[in-house]
Every structure is written in structure tokens, then in C-alpha cells.
**Q** 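Input: one structure, supplied below.
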Amino acid sequence: MTAELHSRRTVLTTGAAVAGAAVGAVALSACSSDDAKSGTAQAPIAAGTPLVALADVPVGQAKAAKAPDGSDVIVARTSESACAAFSAICTHQGCTVAPKGADLVCPCHGSVFNALTGEVKQGPANKPLPSVPVKVENGKVVAG
Ligand code: FES
């Protein structure tokens, strides 16, 4: 009789533990899914939005800038009077790249991009940074 009760209690306890583990696994996979999606979508920047003063970007290098919508962009000065811009979101897994001389370096896994073209110089990223249309107006680099 005691052995039967003990056995019954063991089954109930084990069942509750298995159910708890299943709930934990579902919660964990939901968090992973959300993390993978974050950082991949970026709203377009409104045309005419000033990003940085052209004089603040050395020729042949780039500077990180924030768009008014909070998105991270890289503004590169390709010549004395011309510039280009790219999303600062790494095409590997979505970290934010940072200018380093003529390169853009991702702190997460070491990808390196050309600061003037956005092309991949070193993986693991295998796609270039998406370009952002910009132009120079009154000494400022503006979206456009
Ligand atoms: S997220 Fe940039 S190299 Fe992995």
C-alpha cells in the first residue's frame, strides 16, 4: 500500500517536471526567434534629413551617424565633394559596424567592409551593406 502511494506520487512529480521543462523550452525558442529578427528591419530615412556635416568626414574615410528615426548609418566621403552612405547594420547577424580608417569593422564576429563602397572585405558576412541614398546640400550630407 505505501509502495503504491509512493509510486503514484513519483509519477505525478515526474509529470509536472516534464511539463515545466516543455514550457521552458517554448519560452526559450520564442526569445531566440525574436533575437534573430531584431536589427534586420530598418525604416527608410526621409529625404532631406541632415546626417552629418561634410567637413566632419575625412576624405577616404567614414563616420557613424544617427538618423532622426534612430537608425544607424555610415556616411563615407568618397572625394572632396562626394559622399556615399550605408546602413550600419552588419549583414551577417545584425550588429552595428563602426568606422576604422578606410574600413567598417563589425565588433561581433570580425567582418570588415570597405568604408567607401560597403563591399565585404572579410567575412563571415557575405553581402555588402545596403546603400542609403544621400547628397550634399549647403555643406551637409542629407538623405536623398
Ligand atoms: S554580426 Fe557582424 S560579423 Fe557577425
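Note that the numbering runs from 1 along the sequence shown for the chain. Start at 1 and go down the list; that is how both ligands and their atoms are numbered. We use all heavy atoms of the structure for the numbers below, so side chains are in, but hydrogens, waters and symmetry mates are not.
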**Q** Report the distance from atom NZ of Lys63 to atom CG of Asp56, rounding to the nearest 0.5 Å.
**A**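 Taking NZ in Lys63 and CG in Asp56, the distance rounds to 5.0 Å.
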**Q** Once you find the SG atom in Cys108 and the one in Cys90, is the distance between them below 2.5 Å?
**A**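 Unbridged: Cys108 and Cys90.
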**Q** Given Thr91, which partner from the list Pro128, Pro130, Cys106 fulfils the side-chain contact (heavy atoms from CB on, under 4.5 Å) test?
**A**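 In the set Pro128, Pro130, Cys106, the residue that makes a side-chain contact (heavy atoms from CB on, under 4.5 Å) with Thr91 is Pro130.
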**Q** Take atom NZ of Lys121 as the centre, draw a 6.0 Å sphere, and report whether it contains more than 12 heavy atoms from other residues, nucleotides or ligands.
**A**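 Atom NZ in Lys121 is crowded, with more than 12 foreign heavy atoms closer than 6.0 Å.
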**Q** As an exercise, state the distance from OG1 of Thr96 to CD1 of Ile89, rounded to the nearest 0.5 Å.
**A**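 Output value for this atom pair is 4.0 Å.
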**Q** Under 2.8 Å from atom 2 (Fe) of ligand 1, which protein N, O or S atoms are there? Could you list them by chain and number?
**A**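 Sorted hits: Cys90 SG, Cys106 SG.
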**Q** Please say yes or no: joined through hydrophobic side-chain contacts below 4.5 Å, possibly via intermediate residues, are Val59 and Leu54 part of one cluster?
**A**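 Val59 and Leu54: separate clusters.
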